[in-house]
Structure formats: structure tokens, C-alpha cells
Participant: 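My questions all concern the structure below.
The chains referred to below are lettered A, B, ... by the order of the sequence lines, with proteins before strands, and numbering in each begins at 1. Note that these values count all heavy atoms, side chains included, but never hydrogens, waters or copies made by symmetry.
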2 protein chains.
Amino acid sequence: MPVKKAKTLKPTSDAVEILHRRSYEGKPARLKNLEDARANDEIARKIHEMRTAAALTQTQLAKLIGTTASVICRLEDADYEGHSLAMLRRVAGALNQRVEIRFIPIRRSA
Amino acid sequence: MPVKKAKTLKPTSDAVEILHRRSYEGKPARLKNLEDARANDEIARKIHEMRTAAALTQTQLAKLIGTTASVICRLEDADYEGHSLAMLRRVAGALNQRVEIRFIPIRRSA
DNA sequence: CAGTCTATTCGCAATATTGCGAAAATGCAA
DNA sequence: TTGCATTTTCGCAATATTGCGAATAGACTG
């Protein structure tokens, strides 16, 4: 079990939220960034989950998609924000998955 | 518009890659590219659909996310491959939507 | 303890995406 | 047709992501 940064290893909400509140206190425009951070965390976690479920090391997965372990590590970092569809697809493809993108309407409660 | 480039696969010399091949038997890489192309086309179409549904011109949407019309046009180009999560989120956010990413197992017909 | 495998971080080059203006093409209505 | 808004394409600079080695840290076993 990989111990990631102590920061976001546990429940998604707390750590990220606190960090962001400290940085962008009281800015509604930054609220969206909070959601993005959480989404990125989920992606990182999912990649890690899929890789370990396939019983692959970072180095092994890296070779499958033609890159190095450090790149995989970066993808599994909850704080990484540079996810591209191309990279997600490469990872997903190596793990026999496909990436589905959906746009979902946000309803804001008054 | 950028021309699609074929990715150069590295030579196979590992047991891991053999595993990979086993999981990919009967499914050449170019087939996956076709799926990606279609997925990109869907994204482009969806952005166009959401923008027009919101009764916005490319210029108007561009201003909402702090860029120019040519960028929006590029996003709505079915052949565009450079989609990043960050950009998709900017567009989605301006249209009151959120981007959902899902990894879905590929099911082969036995 | 040493040794091995794995994961993480850092630094920089290579590559890709974005920013943005301008021009050309398209569409539509008078 | 003209006129006007909109879309599309082009070119290049600015920015961001990826590629990759090397060093460090962590975990596990003998």
C-alpha cells in the first residue's frame, strides 16, 4: 500500500479543503478550483486503484504506455493538475479501460 | 489543425508487455485510435451543442472563460486531439456544467 | 544490519497546448 | 448584390505537460 502524501491520503474532503481555504479564503471564484482539486484527487486515486488492481508496479505500467515510473507517480499525485485526456487514455488503455467524459449540469440550490 | 501523429511504440522485451499483449489480443492500436478520434468528435460536438443551447456565440463563450473565439473554434473541431481536463472544465464551468471522468472496463466479446 | 523492490521528488529538455491577432470563409437578412 | 455577424483557419509567442534520469525515501525480507 503506497503511502502517499500524508496530505490527501485519507478522506478526500478535509485535507484539500483546508489547504484551499488557507490559500483562497473567501473567494467564490476559487470555489470551482476546490471542486477541480477534488476531481483531480479522484482521478489520481482511481489510477492508483486500477494499477494496483492489475497488480502492476509504477515501472511496469510506465513501460506499458511508453513512459517512466516518475510520470506514473506524478499522475497518482492527488495534487497534480495537468491531466490531459491523451494521458488518461493511455493509462486507461493499458489497463483495458476507456475514458468516458460527461458534462453534467450543475444545479445550485438558491 | 494539427495532423494526427502515430505514436511510436517501444520494443517489447518484458514479461509485463507479454501480459499486455495477451490482454490486447485481436485489438490493434489503431483501433484504439479510432475510438479516441470518435471520442474527441463527441467532445467537440458536445461543446458546440452546449454553447448553442446556451445561445452564445464563440466570441461570447470565449470571453466567459477568458480566451478568444479561435480557441473555442479549435475546441469544437472534431479533429482536435489536445483536449485537457483544465480546458474542458473552463468551458463546462462557464456553461454551468461539471466534467465527469469515468474509467470503464472494456469488454471483449469473449 | 544490508539488500532489494517500490515509490516519490527534483531538474531540465522536448513536446504539446493555449493565447491571440488577423485574414478568409460562411451564413443570413435586407 | 451588400452588409454584418459569426465561424474557421493560420501563424507564432507564451505557457503547460510530458519524457526521463538520478537521487532520496519507504517498505519488506533475510
Participant: Can you tell me which nucleotide in D/dT8, C/dC20, C/dG19 comes closest to the side chain of B/A69?
Facilitator: D/dT8
Participant: Does A/T67 put a side-chain nitrogen or oxygen below 4.0 Å from OP1 or OP2 of D/dG19?
Facilitator: yes
Participant: Separation of A/I72 atom CD1 from C/dT6 atom P, in whole Å?
Facilitator: 14 Å
Participant: Is A/S84 touching bases, backbone alone, or none of the nucleic acid, heavy atoms closer than 4.0 Å?
Facilitator: sugar-phosphate
Participant: Report the nucleotide, chosen from C/dC20, D/dT9, C/dA7, that has the shortest atom-to-atom distance to any side-chain atom of B/V71.
Facilitator: C/dC20
Participant: Rounded to whole Å, how long is the line connecting atom CG of B/D77 with atom C1' of D/dT9?
Facilitator: 10 Å
Participant: Measuring to OP1 and OP2 of D/dG11, would you say a side-chain N or O of B/R74 lies under 4.0 angstrom away?
Facilitator: no
Participant: Could you check how far CD of B/Q60 sits from P of D/dT6, rounded to whole Å?
Facilitator: 6 Å
Participant: Distance from A/Q58 atom CD to A/T52 atom OG1, nearest 0.5 Å?
Facilitator: 10.5 Å
Participant: State which of C/dT9, C/dA7, C/dG19 makes the closest approach to the side chain of A/Q58.
Facilitator: C/dA7
Participant: How many Å lie between CD1 on A/I65 and P on D/dG19, as a whole number?
Facilitator: 7 Å
Participant: At what distance, to the nearest 0.5 angstrom, does NE2 of A/H83 lie from CG of B/L88?
Facilitator: 13.0 Å
Participant: Any luck finding a side-chain donor-acceptor pair between B/S70 and B/T68 under 3.5 Å?
Facilitator: yes
Participant: Strictly below 4.0 Å: does A/R90 bring a side-chain N or O up to OP1 or OP2 of D/dT17?
Facilitator: no
Participant: May I have the distance from A/D79 (atom CG) to D/dA16 (atom P), rounded to whole angstrom?
Facilitator: 17 Å
Participant: Looking across every strand, which nucleic acid part, if any, lies under 4.0 Å from B/T57 by heavy atom: base, sugar-phosphate, or nothing?
Facilitator: sugar-phosphate
Participant: Test for a donor-acceptor pair under 3.5 Å between the base of C/dG19 and the side chain of B/S70, counting only N and O atoms.
Facilitator: no
Participant: Which value, rounded to the nearest 0.5 Å, describes the distance between A/I47 atom CD1 and A/M87 atom CE?
Facilitator: 9.0 Å
Participant: Quick one about B/H48 and B/R45 (side-chain donor to acceptor, distance below 3.5 Å, no hydrogens or angles considered), yes or no?
Facilitator: no
Participant: Expressed in angstrom and rounded to an integer, what is the separation of A/R51 atom CZ from C/dT6 atom C1'?
Facilitator: 9 Å
Participant: To the nearest Å, give me how far apart CE (B/M87) and C1' (D/dA14) are.
Facilitator: 14 Å
Participant: Whole angstrom is fine here: how far is it from NZ in B/K63 over to P in D/dT6?
Facilitator: 11 Å
